[in-house]
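In what follows, residues are counted from 1 in the order of the sequence shown.
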Amino acid sequence: QEAQGEDDLIKNKPKLLTDDVINAWCQMVKEDNNQSALISLLNAYRAACHYGTESIGHTIENSQSFCNVLLFTLSNADDVFRGLLQMSSSKSKKETLTELKKTPKWKCLKPLVKSFLRSTLFLLNQVTDSEILTFAMTRLRASLTFFDAFPSLVQPLIKAAVHLWATGGPILSSASFLVIRDFATMFGSKYYDTCLSKTFVAFISRSRVTEIADIKHMQFLRDCVVELFSVNVKKSSLKSVDSMTRFSKILICGFQTKKKEAIKKICSWEYINCIDLWVRFISANIRDHDNKDLQYLFFMTIQLIVGLANMFSGPRYFPLRLKCIEWLNSLSISSGDYIPLAPLVLDVLEYKVVKEGKRAQNSFTIGSVLKLPKQYLKSRIFQDVCFQSAVEQLCLHFAQWSYHISFPDLATIPLIRLRKIHEATTIENLRRMLKRLIDQVEQNVDFVQRKRDEVSFSPHEHESADSFLQLEKSSTNASFTQYYKSILDKAAERKLQKCGDISLPEQRNLKRNRVEPKRKPVGAEDHQNGVAVENGVIDTKRRRRALQAQ
């Protein structure tokens with residue numbers, strides 16, 4: 001019966017759809033909720049969605065008629081259906097539709113609703129214009145509740161939304177993810193697993209590249225997956241534990257065998273982006289959920305990251321090592337647990353820089369690479385970017401514990417190593433950064449030590465120790481806090497200056513274009529000054545005479 005009712009929609013005699021006809025139908029539907037006009041309009045909408053692929057009865061007169069049909073139907077179809085069904089959007093959508101399925105009105109309108117949804121899904125898979133896709137996805141989001149009545153349309157919707165989310169521009173990608181998120185949360189666990197698995201697979205697929213060209217888009221995809229996983233932390237924790245267990249086995253295999261294939265699999269964007277995803281997931285949920293699987297995942301991830309950082313310790317892998325340090329800082333801040341990451345940072349700062357080379361003077365974004373090309377090791381850019389990032393991460397680590405009662409103890413060994421690095425380095429810029437960092441850490445050690453000498457409680461009184469210097473911490477007037485703010489301000493300023501810079505993949509493309517410049521064809525005209533070109537070379541005498549004539 002449902003198929004028969006849907007077929008009745010296209011039994012009308014084919015006609016030419018002009019602006020006047022379409023406007024008349026739109027007015028009848030909008031003002032009177034005329035069901036006959038609605039059927040005609042949905043037939044026209046179906047023809048517009050299939051335009052250019054197959055003939056569906058009606059013929060669209062021109063582009064203006066095409067736009068009018070799409071714009072009006074997408075903008076008003078959901079409101080018209082709800083008005084005819086007397087369905088309020090403010091109520092629980094799933095419960096309301098469940099009640100309406102039993103009414104005669106729904107049986108009458110069901111073929112119309114299905115026709116609209118199917119036509120829109122077909123449009124999403126055919127159109128390439130991002131503005132049309134964004135508008136269609138946004139309007140389809142308002143009608144998600146109707147998909148529960150048509151299970152056969154759910155998988156095509158999720159597939160189309162995930163594809164546009166992963167491959168579309170910023171606006172289209174955001175609109176598509178809102179559809180995925182609402183669909184996953186609206187119907188509980190019914191479609192949650194499907195949305196979760198498809199978005200995760202799409203994220204991994206986008207990571208199977210040698211170089212990340214669009215870092216911001218990958219970060220957006222990662223944040224979307226984290227948000228989706230955070231809807232059900234308990235279920236997601238089990239999936240993440242399985243994933244990290246698999247990654248740990250790959251890392252152990254790489255340590256034991258040292259095979260090229262295993263090393264390549266570890267030092268890949270697929271491997272790194274997965275770890276980055278789970279770090280963000282843990283950081284977003286570790287304090288709000290008392291989950292044993294999440295706690296187990298937390299400690300497993302720390303062990304994996306430390307092992308990864310120690311496995312790739314050479315200077316060419318400093319970007320990967322700094323990423324590991326950033327992860328550890330994020331986990332430490334989100335959990336409130338101390339992670340001894342200072343030795344990893346100091347190993348980067350202890351690297352002895354050779355005499356600066358002549359190559360690789362182009363700037364690069366450290367987040368866009370995992371392994372540096374050899375020519376960058378002798379460049380000043382490599383020194384500045386890596387050392388500045390290392391100092392920033394060390395400052396973040398110290399800033400987290402700058403008000404803790406144990407700060408003088410945890411800063412002792414790092415201060416000793418920092419002084420040795422400061423004495424050994426010959427790079428003036430690094431010497432200034434280290435000298436200022438050492439002075440600020442020493443001042444904070446003296447400050448905390450003085451305050452600690454004044455207290456009367458013992459180290460075993462954890463509550464008193466945790467409340468140590470909380471008043472000073474809330475005021476943020478301490479010297480080290482101000483110093484850390486200045487470091488953040490300088491980092492933000494450098495980031496703004498680099499907004500016009502390009503990543504390493506883009507630099508290579510530009511370099512390739514410079515090496516292979518476009519040649520003018522034989523007999524081409526120099527449109528700038530009207531001089532003829534013969535065999536790709538402009539005759540200098542002709543050019544001189546042409547310039548004199550001008």
Side-chain angles (χ1 to χ4, degrees), residues 2 5-6 9 25-26 29-30 33 35 37-50 69-103 105-127 131-165 168 171-172 174-188 190-192 194-195:
E2 181 182 328
E6 195 173 358
L9 290 175
W25 287 342
C26 293
V29 170
K30 194 169 185 178
N33 283 341
Q35 191 164 335
L38 178 61
I39 293 174
S40 299
L41 190 63
L42 289 174
N43 281 328
Y45 177 68
R46 187 182 184 195
C49 292
H50 288 75
V69 172
L70 286 183
L71 185 61
F72 180 85
T73 309
L74 287 172
S75 301
N76 299 278
D78 183 73
D79 294 333
V80 171
F81 291 142
R82 291 179 184 275
L84 293 172
L85 292 169
Q86 297 180 349
M87 180 180 176
S88 174
S89 58
S90 61
K91 296 181 180 180
S92 176
K93 298 179 179 180
K94 186 178 178 181
E95 295 177 0
T96 305
L97 185 61
T98 304
E99 297 173 0
L100 288 173
K101 285 180 181 179
K102 305 174 184 177
T103 63
K105 290 182 179 179
W106 171 251
K107 293 180 181 179
C108 180
L109 289 174
K110 186 177 180 180
L112 306 184
V113 176
K114 186 174 183 181
S115 175
F116 167 71
L117 298 180
R118 289 185 62 181
S119 298
T120 307
L121 287 176
F122 189 88
L123 180 71
L124 292 178
N125 292 318
Q126 296 298 322
V127 175
E131 293 184 0
I132 295 178
L133 289 170
T134 302
F135 182 66
M137 190 64 72
T138 303
R139 295 308 306 156
L140 200 59
R141 183 188 175 199
S143 303
L144 287 183
T145 183
F146 293 118
F147 277 91
D148 192 43
F150 309 104
S152 62
L153 301 181
V154 172
Q155 291 296 335
L157 170 64
I158 297 176
K159 182 179 179 181
V162 170
H163 173 72
L164 295 176
W165 164 72
I171 300 176
L172 176 58
S174 299
S176 302
F177 176 70
L178 291 176
V179 171
I180 300 171
R181 186 196 62 186
D182 289 355
F183 206 84
T185 56
M186 184 182 299
F187 302 105
K190 190 174 183 179
Y191 301 116
Y192 177 71
T194 303
C195 294

Heavy atoms only: give me the nearest [X]-[Y] pair and the separation to one decimal.
| X | Y | answer |
| --- | --- | --- |
| A175 | T138 | CB-OG1, 3.9 Å |
| L117 | S143 | CD2-CB, 4.3 Å |
| C108 | P111 | O-CD, 3.5 Å |
| R141 | L144 | O-CG, 3.2 Å |

Indicate yes or no: at least one non-hydrogen side-chain atom of [X] is less than 4.5 angstrom from one of [Y].
| X | Y | value |
| --- | --- | --- |
| L153 | K114 | yes |
| T194 | V154 | no |
| L140 | F147 | yes |

Should W106 and V113 be marked as a side-chain contact (heavy atoms from CB on, under 4.5 Å) after you check the CA-CA gap, both sets of side-chain angles, and the distance that decides it? CA-CA 9 Å; W106 171 251; V113 176; 4.2 Å; yes
Distance (rounded to the nearest 0.5 Å) between [X] [atom1] and [Y] [atom2]:
| X | Y | atom1 | atom2 | result |
| --- | --- | --- | --- | --- |
| R139 | L71 | CZ | CG | 10.5 Å |
| N76 | L41 | CG | CG | 9.0 Å |
| C49 | L121 | SG | CG | 9.5 Å |
| S176 | M137 | OG | CE | 4.0 Å |
| L109 | S115 | CG | OG | 12.0 Å |

Between Q35 and V29, is a side-chain contact (heavy atoms from CB on, under 4.5 Å) present by the stated rule, with each step listed? CA-CA 7 Å; Q35 191 164 335; V29 170; over 6 Å; no
State whether a side-chain donor-acceptor pair under 3.5 Å links T185 with Y192.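 Result is no, nothing qualifies.
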Taking the inter-plane angle between the rings of F81 and F146 on a 0 to 90° scale, is it parallel (under 30°), tilted (30 to 60°) or perpendicular (over 60°)?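 F81 vs F146 ring planes: perpendicular.
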Check this for me: Q126, atom CD, are more than 12 non-hydrogen atoms of other residues, nucleotides or ligands nearer than 6.0 Å? yes
Against Y45, only a single residue in F116, F72, F122 fulfils ring pair (Phe, Tyr, Trp, His ring centres under 6.0 Å); can you say which? F116
Apply the side chain to side chain contact (heavy atoms under 4.5 Å, CB included) test between L133 and each candidate in L124, L123, I171; give the one that qualifies.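 Testing L133 for a side chain to side chain contact (heavy atoms under 4.5 Å, CB included) against L124, L123, I171 leaves exactly one candidate, L124.
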Please step through side-chain contact (heavy atoms from CB on, under 4.5 Å) for the pair L85 and R82, ending with a clear verdict. CA-CA 5 Å; L85 292 169; R82 291 179 184 275; 5.9 Å; no
Apply the test side-chain contact (heavy atoms from CB on, under 4.5 Å) to residues K105 and Q86: give CA-CA distance (whole Å), side-chain angles for both, the deciding distance (0.1 Å), then the verdict. CA-CA 9 Å; K105 290 182 179 179; Q86 297 180 349; 3.3 Å; yes
For a quick test of your reading: what N or O donor-acceptor pairs under 3.5 Å do the side chains of residues 157-165 make, sequence neighbours left out?
none

